[in-house]
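In this text, all values refer to a predicted model and were calculated from it rather than measured experimentally. Order of the sequence lines fixes the chain letters, A, B, ..., with proteins taken first and strands second; residue numbering starts at 1 for each chain.
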Amino acid sequence: MSDIVPTAAAAARELIAFRIGRQEFCVDIMSVREIRGWTPATPLPRAPGYMKGVINLRGAVLPIVDLGARLGLSTSEPTARHVIMVAHIGGRTVGLLVDAVSDIIQLTEDAVQPTPDVASDQVRTFVKGIFAVDGRMISLLELEWIVPESEAEAA
Amino acid sequence: MLLTNVPIGRKLAIAFSAVLLAIAAMGAIVFMNLRALDVAGAARSAANADMRTISAVELKLSRQENSYRGFLVSNDRYYLERLDAHGTDFRTALEELRKSGNPAVQGHVGEIQAAIEDWRKNVVQPGAALAANPGTRAQAIAMVGRNGSADTYIGAIEESIDALKTIGMARLEEVRAAQAKATNDALIALFSGLAAALLIAVAAGWVLTRGIAGPVTNMIGYMRRLIGGDTNFEVPCVVRKDEFGEMGRSIIAFRDAAIEKVRLEADAVAQRAAADAERARNQTVTEAQAREQALVVEALAEGLDHLTRGDLTYSLTQTFPGDYVKLQADFNTAIAQLKDAMSVVVSNVSAIRSGAGEISQAADDLSRRTEQQAASLEETAAALDEITATVNRTASGARQASETVKAAKGDAETSGVVVRDAVDAMGAIEKSAQEISQIIGVIDEIAFQTNLLALNAGVEAARAGDAGRGFAVVASEVRALAQRSAEAAKEIKVLISASTNQVNSGVNLVGQTGEALQRIVGRVAEIDGLVSEIAASAQEQATGLQQVNTAVNQMDQVTQQNAAMVEQSTAASHSLSQEAESLAGSVARFQIGAPAPAARPAPRPASRPVAALKTVGRGGAALKPHAIEDGWEEF
């Protein structure tokens, strides 16, 4: 990790990298409030498929989004080794279920490469850019679109 | 049926039956007359009753007329009522008369009824009407006066009543006459019956006395004559079929027996005289026979003398008296048959001589072979002893093998216990590995949580900006440590699971080893059983061989005894040959006339036993041809 940290940290930013299946993603560390282990969620009726339900976070009701399902990836039933990242998105606090948190990385903005045009605007909607570091492909996610507006209002 | 043919009992019965029949006929006639008297009495009572009724009719007629006149005098209705009452009685009496059944009476009753009804209609009813009126009352009175119509009706009625009276009297007279006649008849029948019975009884008594007493007196006379020895009489009453016939026949039988006795005495005297004459005749015949016998005896003595000297060719040629010709023929036949028998004996003696030679030769062979057999049996017994020793060694070897196998079985069972212990130890190792796995899991959990805490610390440090920079470094180090411990835990987990697998396979193998040992134990037990059976069989064989040995020894002894006996029989056969020789010498004394036929049959029977002996002797002796030749030379 330390080797990733650049010495010239002019436009450096810190990111939290995590894994869903075999893919790696990252988000800005400032949007993350807390990282905790999986606890079973209470399902809500008539919620979309990627909404796993709600959990009790120190007295507050926290909705949990299965990030893999939301991104259209194959998912599996969560275990004790899964991780919830508590994130602050657009003034709302949401729990994001991921397989594992792998790193805290520090990168400069110019390391980001733009998302290639793959004939779908939706990809660009979710993925702001891609880091290619040491043979790893880490997609930078745009959290604003993770939770739709209507559901944000409902929450 | 004649009176003489009827038995006395039946005669008596006939007599009494006749008397009884007469009395019974008399009783029947008297009884019938008594019945007729009864009938006549009843008829007389009926006639008297009719007369009384006719009187009542007459009285009631006058009472009616009287009552009517009383009415006419007094014009009182009371008399009319009386008139009705008497009228009713009058009619009742008339009805009684009508019931008596006589047609003449019934005709008169009908006339009376018609007249009285006319009287009432033509006199009483108009009279009663006229009398009610004082003006016409005289007319009513005039109707019953001298010239009145009333007398016409009443006169007719009185005439009819007179007629009825006449009829009744006539019937009374008739009945009385019948009664008197019946009484008379009964008396006549009684006296005549008694007289008849008396007559029959007297007649039967006379007849029976004559029929029984007369013949008895005659019989007594015949018997007296018989006692006096007089048999010259006849009994005429034997033809009768009653008891006197029987008595007569018995007397005749007595008479015939007396005659027969006299005849038999005469016969006995005649026979005695005849026997004396016969004896005298026999005496002379016996003397002639004695002379003939002397001649015959002499001839026979000569024949027997020849026979004593063994001459069987002699025969009686003298002339014998007729009675003794058969004796001569029988003697000659006996001599001839004796000669034939002797011929057969001579030829048989030759055969016996040759047979005895064969027997002694065969006995020699038998003796030699029996000795060989005894020697072979001794060798057999020795060989059997060796076999018995070998079998005994086999049995002891089998017993040792059995004990060794038992030890192996014990060892295998101990190994089974060891295997079980090993399996238990493996189980304990497996359990420890599981516990280690659990501890590793705890360590892994701690590492995971530490990692999360370090990440959270990193997040907080990033939020703190430059102030948290150092803290971020510490957090990063802690994260690195946590990750290393997690990796170490993962490696240990892999190792432990591998060790668990190996322990499992070890347990499996040890289990298979245990099963294999169990099978070995089973097989060893089978081997033990088989070896025991082998030992038992060897023992049995040894016992059996012992028995065979004993049997062979017994056979040996028996063979020795046989050899001794064969020697005895050989000696006996030799003496038999000598006896046959001396028999031939004895037989040669007899002269049997033609020696050629006696010699010829001898070889023929002898040749057959020789051929038979050849087949018998071939089995054992190679010296047979010499033996036969020797045998002939010996004789």
Side-chain angles (χ1 to χ4, degrees), chain A residues 1-19 24-39 55 57-58 62 78-89 93-109 140 143, chain B residues 431 433-501:
Chain A
M1 251 171 282
S2 52
D3 56 341
I4 300 172
V5 177
T7 48
R13 57 183 298 185
E14 282 187 309
L15 301 166
I16 287 194
F18 55 88
R19 239 172 0 87
E24 280 192 300
F25 301 92
C26 62
V27 293
D28 190 13
I29 198 165
M30 284 310 170
S31 59
V32 175
R33 291 293 167 82
E34 191 183 345
I35 297 167
R36 51 184 295 114
W38 165 258
T39 50
I55 63 169
L57 180 67
R58 287 186 292 278
L62 182 71
T79 66
R81 286 290 180 267
H82 281 65
V83 174
I84 294 171
M85 290 193 308
V86 181
H88 199 71
I89 306 168
T93 307
V94 177
L96 301 171
L97 172 62
V98 300
D99 282 4
V101 174
S102 44
D103 258 336
I104 294 173
I105 53 178
Q106 288 181 336
L107 290 171
T108 52
E109 282 291 343
L140 177 63
L143 289 180
Chain B
K431 205 175 160 195
Q434 276 171 2
E435 285 171 5
I436 292 167
S437 290
Q438 285 172 3
I439 293 165
I440 296 294
V442 170
I443 292 168
D444 190 35
E445 179 70 28
I446 290 167
F448 177 71
Q449 295 296 338
T450 311
N451 189 23
L452 283 183
L453 284 174
L455 280 173
N456 276 321
V459 169
E460 291 300 328
R463 279 177 185 284
D466 289 340
R469 188 88 45 202
F471 186 61
V473 173
V474 175
S476 159
E477 291 299 319
V478 171
R479 246 170 50 76
L481 281 173
Q483 276 179 351
R484 273 167 60 193
S485 81
E487 277 163 16
K490 213 168 283 174
E491 284 170 11
I492 292 168
K493 213 176 193 174
V494 169
L495 288 174
I496 288 290
S497 79
S499 135
T500 307
N501 281 341

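- Nearest heavy atoms, Ile104(A) versus Gly458(B): CD1-CA, 3.7 Å.
- Counting heavy atoms from C-beta outward, Asn456(B) and Arg36(A) have side chains that stay 4.5 Å or more apart.
- Only the side chain of Glu14(A) comes within less than 4.5 Å of a heavy atom of chain B; its backbone N, CA, C and O stay farther away.
- The local environment of CZ in Arg81(A) is crowded, with over 12 non-hydrogen atoms from other residues, nucleotides or ligands closer than 6.0 Å.
- Only the backbone of Ala80(A) comes within contact range of chain B, with heavy atoms under 4.5 Å apart.
- In this structure, the side chains of Leu455(B) and Met85(A) stay at 4.5 Å or more apart for every pair of heavy atoms.
- Look at Glu460(B) and Arg33(A) and you find no salt bridge, because none of the NZ, NE, NH1 or NH2 atoms lies under 4.0 Å from a carboxylate O.
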